Amino acid sequence: MPELSYREAVRDALATAMRQDDGVFILGEDIAEMGGSMGVTSGMLEEFGSERVRNTPISEMALAGAAIGAAMQGMRPVAEIMYEDFMTLAAEQVVNQAAKLRYMSGGQLTVPVVFRTQGGAGWSPGAQHAQQLEAWFVHIPGLKVVFASTPEDVRGLLWSSIYDDNPVVFFEHRTLYGIKGEVPEKIEPIPIGKARVHREGEDVTVIATGRLVHESLKAAEEAEKQGVSVEVVDPRTLQPLDEETLVASVKKTNRAVVAHEAVTRMGFGAEVASVIQYQAFDWLDAPIERVGAKFAPLPFAPVMEQFIVPHSDDVLAAIMRTVGRNGD
Amino acid sequence: MPELSYREAVRDALATAMRQDDGVFILGEDIAEMGGSMGVTSGMLEEFGSERVRNTPISEMALAGAAIGAAMQGMRPVAEIMYEDFMTLAAEQVVNQAAKLRYMSGGQLTVPVVFRTQGGAGWSPGAQHAQQLEAWFVHIPGLKVVFASTPEDVRGLLWSSIYDDNPVVFFEHRTLYGIKGEVPEKIEPIPIGKARVHREGEDVTVIATGRLVHESLKAAEEAEKQGVSVEVVDPRTLQPLDEETLVASVKKTNRAVVAHEAVTRMGFGAEVASVIQYQAFDWLDAPIERVGAKFAPLPFAPVMEQFIVPHSDDVLAAIMRTVGRNGD
Amino acid sequence: MAKVETKTSLAKGDLRDVLREMLLIRRFEEKVEERFRAGELPGFLHVAIGQEACAVGVCRALEDGDIIASTHRAHGHTLAKGTHPNELMAELYGKAEGCSHGYGGSMHLYDVERGNMGANAVIGGGLPHVTGAALAFKMRGEPRVALAFFGDGATNIGTFHEALNLAQLWKVPAVFVLEDNHWAESTPESQHSPIRDLSDRAKAFGMKALKADGQDVEAVYKTTRQALDYARSGKGPVFVHLDCVRLHGHYIGDPQVYRDKDEARKLAETRDPITLLREKLAVSDEEFDELDAEVTEIVEASVDFAKNGTDPAPEDALKNIYA
Amino acid sequence: MAKVETKTSLAKGDLRDVLREMLLIRRFEEKVEERFRAGELPGFLHVAIGQEACAVGVCRALEDGDIIASTHRAHGHTLAKGTHPNELMAELYGKAEGCSHGYGGSMHLYDVERGNMGANAVIGGGLPHVTGAALAFKMRGEPRVALAFFGDGATNIGTFHEALNLAQLWKVPAVFVLEDNHWAESTPESQHSPIRDLSDRAKAFGMKALKADGQDVEAVYKTTRQALDYARSGKGPVFVHLDCVRLHGHYIGDPQVYRDKDEARKLAETRDPITLLREKLAVSDEEFDELDAEVTEIVEASVDFAKNGTDPAPEDALKNIYA
Ligand SMILES: Cc1ncc(C[n+]2csc(CCOP(=O)(O)OP(=O)(O)O)c2C)c(N)n1
Ligand SMILES: Cc1ncc(C[n+]2csc(CCOP(=O)(O)OP(=O)(O)O)c2C)c(N)n1
Ligand SMILES: [Mg+2]
Ligand SMILES: [Mg+2]
């Protein structure tokens, strides 16, 4: 099996779809000559030309909206919003338009558009270039929401997103672009709505997304050394959510930790915790732990930034807290 | 004690603050001659003139941003965003600017601005004029979030919001403007961060916001007839959240229902349920029930609209489900 | 597709048909006002009484395959783009037979088969869609044009600026039709815009701008034709400024406390587009009454159709969320 | 406050000081590049090498009490508005002594006491604040002006359109300074804007527009003066278009694969604002070296100051969230 970086995996999904399908094109700020602010689309201008690798002016709202309009006319555009924080500028189009057009038209319209964006702490970009806003879009009926954590997943899920007939908000994590992993020779679509069990375990289930999947796997290894067996599950798609897999895992382990980089309060973990406490109430031996960013904007100074966002030791501490409780 | 409608109570807080304080002014679309789309600011132009009751063009982003700029220079502007759905257009300014300016400046800046907005189903305005988005803003450190359900609360909390030195997102519910209630002769500020226990009870705690406070009180009366004693608590401020009062109530009743009009998935109830399962785990005799809108945009046809959003019978059903569980 | 042959002006016979269509829209909207006041219609409704020449003049100029995006004030555009009054009225009654099957309502009217990509209740919300649709046409080499309606108030929102800027930058076949009725809800133009000629908005993008009297349906038709030809030929988008009047309130039920009562009365007397066309065509009272009776019957029938329509089942609300 | 007396041009002595200040900014930014490459500076950094005349010319023209809002490319503006190099450098090192106490970083520089309301990492994000600040000044009858810097790329975003439109509508004392370096990140102006003279953007609002060579600090000063006087006198906002050059990459470390190497080299040879001023003032090599040594020492000292600064405690991250 070939090895790709997360960055290359994203690019491979885009390029392969564009090779096989004239309707697929990409648009965004500085995605052409420069290959995007994270180098994801690097080299694509040369292969596909400026009609299909389309630099846009700084107009997040209109570029999102133009992608929607093209999608309504049968294209499959993939729009890049350079930083997740700028999704706020495209929010009207994503939330009031893309998500609702099919519904408001009573099923007449189809809007097969993907909004790719990225974010994450770790490089001290400060409060306006690092926040994680995936929870917002999970709250909006009509959208699908994907957040992949490995090269294999990001490629297979982006592929599925491009060919999904619904608007998909597709989150990437900045610090993952460099990680490498094996991927199937040929792109295999990964169904939207299927969680991935990264590691089986008996004592506690950690449900994690994005960067925190990796932090959780690290924490799980550490916990193992301390005699605690940890199952790590990545929902991968936040909407639809594979409640079945998550709940089944917790029914097996009787304990749960939810981990993401976004602020804990009103973060995606709140939804997961609510679902689990409801569906696995009689199985739970301890309160569900939530691990996420502390309640602050992201500060600049690295020492403060690292304090705000969670790491493997935070996940480990949560694991230990939850197994420290007596079951009943 | 005088009686005011919810609408008059909002107006009274605005007008009283404007009478006593030159720094307070209001701005928004059609708030002057027309008195706003909901008539809230009706008559204020006549009293305060067009400098302080400032009609704006259709520019949600700039009117929010201009309010922020004026607040940074020591004014206390209250910006009206006509419909909650249009908060998406102001989101960048509210979320990346107002919420973070103090922090990014290391405490140099103060941004005492209020963003008033309203929404809610009930009048069949359709998918782009009725959604409830309060959960979004609860996720953003630096903002305070208020959602009042009675004339007394809306007046006292708006007063506190105007004089709070932080940006406040202030939600009103369209269907509540007409309800009447007694208010103190003189405006008494209500602390931001204090829940209100509307009704004491022994068997189950219903935590509700906005319109659902009234639906929950109705459901509580009905439950009473069926022998179930219900406590109804309105957090009133979603950020900061009075966790103490909520948790204390659930520790007493051992059962909880969370109710709001917004979509259940990733709604405010998810956060409340997560907090309660964590802090009152050993006290809970049943899973926490969540009552909210079904997972759909708001449809136009009244019969469908009413199906999507929750009513007192949905709260009642949740109460009955939760008391139907055996405690352990 | 071959390039369609261009008609640059309306023939006399066409004009009689145009009058009939404008009158149909007028009677339809008057009926909507009546039924709303009778408490039969839910939702927020906005009539475009006084702006019929814009809707009809513009939509007549379109070719098959061209598409439109409309606004909150959409009944006229929808009828002019070919939706049957029955389907429109059924939608306003929230019926399954409605053009949005009861999911949309007055501010969300769609008829995708007929090229109506929808009304939009968010000011400016549809403008980037038109840029994007036109881009799709251009990328596929289709000789189609995407056309957006919007109001004077909409020229203040960022979406307008971004969408038109992008359209010009990419030289897509789009036409942006400003129906300038000089009001944005309760706010007169002088209070919402710093410039007195909204055609100047196009200068920020270097976009070709045309202007016409929006009360003169022939002028509207001709100007739109010109704009469509230009856009279709690949030269880029066009901004069309139609000077028009809003004879009634912003929404049905609007007491218009903010407006001088005389203004609307005077406009109704001097600038009613139906009266103007009728005079131009020298339609006799008898002829006019005949036309009127004919369209009134259609409107009445649409109310019957709507009232006899099917209420969606409550659970239908869970359909059509995802494809 | 009484109306401040107006200086319409810079005296000879001032100009020598201006040269020194521009050189200080240049050396400061070169040092920042060096320290970034050495791996000492976290975050995303953008230098404005080549644009020093804009920062200095504009800020010199301001009166006490006037305020500015800056962009992601903020070092020059910040120094020119009076922040000490020590405090700026300390911020870039993430120290408590920094002008944002380590919470902001290069894209979020503040010095509120000195009227710098902050850099902004969101394109266009600060523009409506300037409209609002100017509104506050106007409402309180204070003779102050609020001034925003922004780039050519920023003229494409809706925030720009809305904020300038509102400022003109309300006739607030604001000045909007476009630093047109003809690049938005990797995107040349011809690819991001459909018009070739960005002064035309002001026409959409009917805003008074002035233009100057942004490499000529005297011209920048004079033009800004004119704009400030106009705004301060209550006549409304002014759009100031400065034609300038970006000599280095978009961000530090930018390999500029998208840019012809010759372009930047030629610009450095012919349009470096420091060289231009130096020639105009006929500064001898000795004099220049003296100046250079002087500012270099200040810059070196700022690095020492920064390195010896206090790291915030991790828990400090939980402060300053709410007032
Ligand atoms: C973004 C947004 N802001 C506010 C509104 C409320 N609103 C509906 S119509 C309208 C006025 C629109 O004026 P104009 O564009 O001139 O259209 P007209 O009503 O005159 O047809 C306003 C403010 C809205 N629908 N969308
Ligand atoms: C809303 C938004 N979109 C995109 C970016 C990423 N970005 C940072 S600087 C920049 C280019 C800005 O160009 P211009 O306004 O000309 O300023 P310059 O960099 O030339 O000083 C872009 C696209 C951003 N910071 N904010
Ligand atoms: Mg109008
Ligand atoms: Mg630039």
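A, B, ... follow the sequence lines: proteins, then strands. Residue 1 opens every chain. Computed from a predicted structure; not experimentally measured.
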- request: Nearest 0.5 Å please: distance from the CG atom of A:Leu63 over to the CZ atom of A:Phe86.
  value: 12.0 Å
Residue pair A:Glu305 / A:Phe300, side-chain heavy-atom distance below 4.5 Å: no
field: Residue A:Phe295 versus chain B: region with a heavy atom under 4.5 Å
entry: both
Nearest heavy-atom neighbours spanning A:Ala280 and A:Val250: CB-CG1, 4.3 Å
B:Met87 portion near chain A, given a 4.5 angstrom heavy-atom threshold: neither
- request: May I ask you to name which of A:Glu92, A:Met104, A:Gln277, A:Met266 has the most heavy-atom pairs under 4.5 Å with chain B?
  value: A:Met266
field: chain B contacts, top residue of A:Val275, A:Thr264, A:Leu298, A:Leu241 (heavy-atom pairs, under 4.5 Å)
entry: A:Leu241
field: Heavy-atom proximity to chain B below 4.5 Å, by part of A:Arg290
entry: side chain
task: Among the options B:Met61, B:Gln279, B:Lys294, B:Glu289, pick out the one with the most heavy-atom pairs lying under 4.5 Å from chain A.
output: B:Glu289
task: Give me the one residue out of A:His129, A:Glu29, A:Gln131, A:Gln128 that meets side-chain contact (heavy atoms from CB on, under 4.5 Å) with A:Tyr83.
output: A:His129
- request: Please lay out, stage by stage, how A:Asp203 and A:Arg255 fare under the test salt bridge (Lys or Arg N to Asp or Glu O under 4.0 Å).
  value: CA-CA 7 Å; A:Asp203 300 327; A:Arg255 288 177 161 84; over 6 Å; no
message: Side chains of B:Asp242 and B:Thr237 only: does a donor on one sit below 3.5 Å from an acceptor on the other?
response: no
message: So which residue, A:Ala99, A:Gly267, A:Gly269, A:Ala293, ends up with the most heavy-atom pairs under 4.5 Å with chain B?
response: A:Gly267
task: Could you have a look at B:Asn96, B:Leu238, B:Leu133, B:Leu89 and say which one has the most heavy-atom pairs with chain A under 4.5 angstrom?
output: B:Asn96
task: Verify the distance criterion only: is there a donor paired with an acceptor across the side chains of B:Asp234 and B:Thr209 at less than 3.5 Å?
output: no
statement: So, the part of B:Gln132 with a heavy atom under 4.5 Å from chain A: the answer is backbone
query: CD1 of A:Ile288 to OH of B:Tyr278: how many Å apart, nearest 0.5 Å?
result: 11.0 Å
- prompt: For B:Glu60, is it the side chain, the backbone, both, or neither that has a heavy atom closer than 4.5 Å to a heavy atom of chain A?
  reply: neither
query: At a heavy-atom separation under 4.5 Å, does B:Val272 approach chain A through its side chain, its backbone, both, or neither?
result: neither
- prompt: So which part of A:Ile276 gets closer than 4.5 Å to some heavy atom of chain B, the side chain, the backbone, both or neither?
  reply: neither
- prompt: Can B:Arg325 and B:Asp285 be said to form a salt bridge (Lys or Arg N to Asp or Glu O under 4.0 Å), step by step?
  reply: CA-CA 7 Å; B:Arg325 294 273 301 214; B:Asp285 286 342; over 6 Å; no
statement: With chain B, the option among A:Ala127, A:Ala262, A:Ala273 that has the most non-hydrogen atom pairs under 4.5 Å is A:Ala127
field: A:Arg102, part contacting chain B, at a heavy-atom distance under 4.5 Å
entry: neither
Residue selection (most heavy-atom pairs with chain B, distance under 4.5 Å) from A:Gly142, A:Gly106, A:Ala296, A:Ala90: A:Ala296
message: Just so I understand: if I count every heavy-atom pair under 4.5 Å between each of A:Val94, A:Val138, A:Val95, A:Val258 and chain B, which residue has the most?
response: A:Val138
query: A:His260 and A:Phe147: aromatic ring centres closer than 6.0 Å?
result: no
